[in-house]
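These values consider heavy atoms only, across backbone and side chains, with no hydrogens, waters or symmetry-generated copies. Please read these numbers as outputs of a predicted model, since none were measured by experiment. Chain A is the first sequence line, chain B the second, and so forth, proteins listed ahead of strands; every chain is numbered from 1.
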Protein chains: 2
Amino acid sequence: MLDNASPPGPPTRAATIEDVAQHAGVSKAAVSKVIRDAYGVSDQMRERVTASIAALDYRPRVAARAMRGSTATIGVQLPQVDNEFFTRILTGIVQELNASAYQLIIAPMADPVSGTAALESLYDRQVDGIIAVAPAVPQAWLEGLARRVPLVQVGQHDHPQHYDVVVGDDDAGARLVMEHLFDSGHTRIVHVTNDERILVEPRTDPHPRRLRVYESMMRERGLEPDVIRIDSSDHDTRHTVNDLLDRATPPTALFAGHDSLALSALEVSAERGVDAAEFAVVGYDDVPIASHPLIGLSTVDQHGQEMGATAAQLLLERIGGRQDAQRRVFSPALRVRATSGSAPAVRRTES
Amino acid sequence: MLDNASPPGPPTRAATIEDVAQHAGVSKAAVSKVIRDAYGVSDQMRERVTASIAALDYRPRVAARAMRGSTATIGVQLPQVDNEFFTRILTGIVQELNASAYQLIIAPMADPVSGTAALESLYDRQVDGIIAVAPAVPQAWLEGLARRVPLVQVGQHDHPQHYDVVVGDDDAGARLVMEHLFDSGHTRIVHVTNDERILVEPRTDPHPRRLRVYESMMRERGLEPDVIRIDSSDHDTRHTVNDLLDRATPPTALFAGHDSLALSALEVSAERGVDAAEFAVVGYDDVPIASHPLIGLSTVDQHGQEMGATAAQLLLERIGGRQDAQRRVFSPALRVRATSGSAPAVRRTES
DNA sequence: TTGAAAGCGCTAACAA
DNA sequence: TTGTTAGCGCTTTCAA
């Protein structure tokens, strides 16, 4: 379809179902049946219509179809397009939906502070279902949306009534990190995390959970928590980590709320020539580059791609009619690499 | 909007403009005027209608609007969501369109071999304009599409009549790389690039261009080109690079068609403990991680984000009525880092 | 198996 | 300033 370049000259009006019907000498209803593969069309009819569709380069308008029923599309709301963890989730969704009859559209959050616009935009387009990835909206608002359209939320610790949730077990993940650092003998451990102001729902966001675990595990051992909040600018992170290492008794380990923060910290320690035994760094998310031998970042694998695929499956079930709210909690896995613990770094030799 | 969770109980039919009109005791036309901010509404009318809209939680359907005119949305077709260069372009588009009245939707390519589905899907949704990022479709097909909807293409060396092009100067970029390697004294230089089978339009694709420059510059100096094609799997790349380094007289430099290939090559050389003086690696794209001190990948900055922003500007102009085809060619810049030439690597100290 | 006709929710002429 | 009305392109009864 759309194969034939339309005739040269002024752009002609795109063909409608009416045009096809006339060209084929049949009714609009007949054409509609053919394009929908509906029951009750003779082979002869199908052939005629198919030929006319090709001849006129006809494509049904989604909008007109939407007026009468489904759009056969699923919408994904994404907080940032340049965040590797989110794109992993998206990859899982894309693959899972590839075989389905649904077309995927993605609405990026324009305003990172409030995600309502992107979700509303999908709703306004009458998508058949929505996957909301780490949506920056209150849970009550999501419930309202979920009452109107099948919805699956990924990445927040909600306990909803009208939508499904796919989320990582952040308590377990943070515990893995802290146990690993304690086992390696660290006591002066700082935690670097997102500034709380950028959180819409601190109660359900993963990062405050990781923080909470960090704090309680430190206190359990009689250690004073040392928390640093970052307002998301890379410069800020580097500055902060430099300050940390400048202290009279600097921390020996850094637990970063996500890999992007961890990578920034590694920039600083690399530039200063501080090694992993002196200053361990552990991240969260296991972005692809973390396993590169030149980086070797210890981190927590959240299985983002599987989370995305699961979200897509749940949404299809929901579109199929399921009503009860399901929760899928993914167990994270610690990946110990060069930036912490025992595994020796693969080093670049002198050049 | 969508603020009030709808009443508990069975999901009620979403409000239409008719419902709002009845609730406010006015005509549908009046409501339409209010929501479009059209001329000729009294303050009193506006207030009544606005109140009813809020009370009923009304949102106009894009589909119904599309039947009469514009959808106020711009569509972006994206080949892969997990490619950092493409997401840079996307970031530029998102930022540029943020202030505009247009909502953005992204259609990811499901099938990397043919990109028609994603573009057709956007067309079928009657978007007001399309940005096609590295579309895997023949140029003639794009021309046909461009006759029907304002279109800007990013990343292919087309010379179109009905759409605009934003592209990097790949000849110049490849030349920068080769001159840099020659200047550093290399002669045994291999070029690793995508398998040609995955290219729809080899004539306009950036990678064959870079390859062509590589070949001709090698020959100009009496050197035999040494080209290796990869079918995009990471395993394949690692295997290939290992073979290269196993040769009796291995190459001293590798020019990778894009950074992802370069990073894979660096994995292998790092694991084998081969340093940059022995085996230089230069990539293309300047993905964010390339500048990390632990990676220090020499590469070519294509200014992806600016390309995206420019594409968005051109599209807005085109939607505004411009007809002539514009081309914007971006001059790339070489970033020399640790993996090639003189800059010493920042190394991780022994741990 | 095929066709006629109603109607989805909205906008834009036009009338009042 | 406000309301009436005629479609936009499709799907879906319901008749033929």
Engineer: Base, sugar-phosphate or nothing for A:Thr16? Non-hydrogen atoms, less than 4.0 Å.
Structural biologist: sugar-phosphate
Engineer: May I have the distance from B:Arg48 (atom CZ) to D:dT2 (atom C1'), rounded to whole angstrom?
Structural biologist: 12 Å
Engineer: How long is the span from the CD atom in A:Glu143 to the CD atom in A:Gln153, to the nearest 0.5 Å?
Structural biologist: 10.5 Å
Engineer: Would you mind reading off the distance between A:Gln126 atom CD and C:dG9 atom C1', rounded to a whole angstrom?
Structural biologist: 9 Å
Engineer: Heavy atoms under 4.0 Å, any strand shown: does B:Ala30 hit a base, just sugar-phosphate, or nothing?
Structural biologist: sugar-phosphate
Engineer: Rounded to the nearest angstrom, tell me the gap between atom CZ in A:Arg13 and atom C1' in D:dC8.
Structural biologist: 11 Å
Engineer: Round to the nearest Å and state the distance from B:Gln22 atom CD to C:dG9 atom C1'.
Structural biologist: 14 Å
Engineer: Whole-Å distance between C:dA4 P and A:Glu18 CD?
Structural biologist: 10 Å
Engineer: By nearest atom, which of the nucleotides D:dC10, D:dT1, C:dG9 is closest to the B:Ile17 side chain?
Structural biologist: C:dG9
Engineer: So, taking the atom named CD in B:Gln305 and the one named CG in A:Asp82, what distance separates them when rounded to the nearest 0.5 Å?
Structural biologist: 8.0 Å
Engineer: Does B:Arg322, at its CZ atom, have more than 12 non-hydrogen atoms belonging to other residues, nucleotides or ligands within less than 6.0 Å?
Structural biologist: yes
Engineer: Check step by step if side-chain contact (heavy atoms from CB on, under 4.5 Å) holds for B:Arg65 and A:Asp124.
Structural biologist: CA-CA 10 Å; B:Arg65 291 186 144 175; A:Asp124 296 343; over 6 Å; no
Engineer: With respect to the phosphate group of C:dT11, does any side-chain polar atom (N or O) of B:Ser32 fall under 4.0 Å of OP1 or OP2?
Structural biologist: yes
Engineer: For D:dC10, take OP1 and OP2 only and decide whether either is under 4.0 Å from a side-chain N or O of A:Tyr58.
Structural biologist: yes
Engineer: Considering only side-chain heavy atoms of B:Ile35, which listed nucleotide, C:dT11, D:dG9, D:dT12, is closest?
Structural biologist: C:dT11
Engineer: Please determine whether the number of non-hydrogen atoms from other residues, nucleotides or ligands lying under 6.0 Å from atom CG of A:Asp324 exceeds 12.
Structural biologist: yes
Engineer: Check the phosphate of C:dC10 against B:Arg36, side-chain N and O only, distance under 4.0 Å to OP1 or OP2. Yes or no?
Structural biologist: no
Engineer: Using the C1' atoms of five pairs at each end, what's the angle between the two axes of the helix from C:dT1-D:dA16 to C:dA16-D:dT1, to 10 degrees?
Structural biologist: 40°
Engineer: Could you tell me how far apart A:Ile53 (CD1) and D:dC10 (P) are, to the nearest whole angstrom?
Structural biologist: 10 Å
Engineer: Looking at D:dT12, C:dC10, D:dG3, which one has an atom nearest to any side-chain atom of B:Val26?
Structural biologist: D:dG3
Engineer: Rounded to the Å, how far apart are A:Arg46 CZ and C:dT1 P?
Structural biologist: 10 Å
Engineer: Could you pick out which residue, A:Arg61 or B:Lys28, lies toward the 5' side of DNA chain D when each is mapped onto its nearest nucleotide?
Structural biologist: B:Lys28
Engineer: If you assign B:Arg68 and B:Lys33 each to the DNA chain C nucleotide with the nearest heavy atom, which residue ends up on the more 5' nucleotide?
Structural biologist: B:Arg68
Engineer: Please compare B:Ser42 and B:Met67 by the position of their nearest nucleotide in DNA chain D and report the one closer to 5'.
Structural biologist: B:Ser42
Engineer: I need the CG-P distance between A:Asp124 and C:dC8, as an integer number of Å.
Structural biologist: 20 Å
Engineer: Please tell me if B:Arg65 has a side-chain N or O lying less than 4.0 Å from either OP1 or OP2 of C:dC10.
Structural biologist: no
Engineer: Are B:Ser52 and B:Arg48 linked by a side-chain donor-acceptor pair shorter than 3.5 Å?
Structural biologist: no
Engineer: Within the 4.0 Å heavy-atom criterion, would you say B:Gly40 contacts the bases, only the backbone, or no part of the nucleic acid?
Structural biologist: base
Engineer: Counting neighbours of CZ on B:Arg327 that are heavy atoms of other residues, nucleotides or ligands and sit closer than 6.0 Å, is the number greater than 12?
Structural biologist: yes
Engineer: How about A:Gln313 and A:Glu96: does a side-chain donor come under 3.5 Å of a side-chain acceptor?
Structural biologist: yes
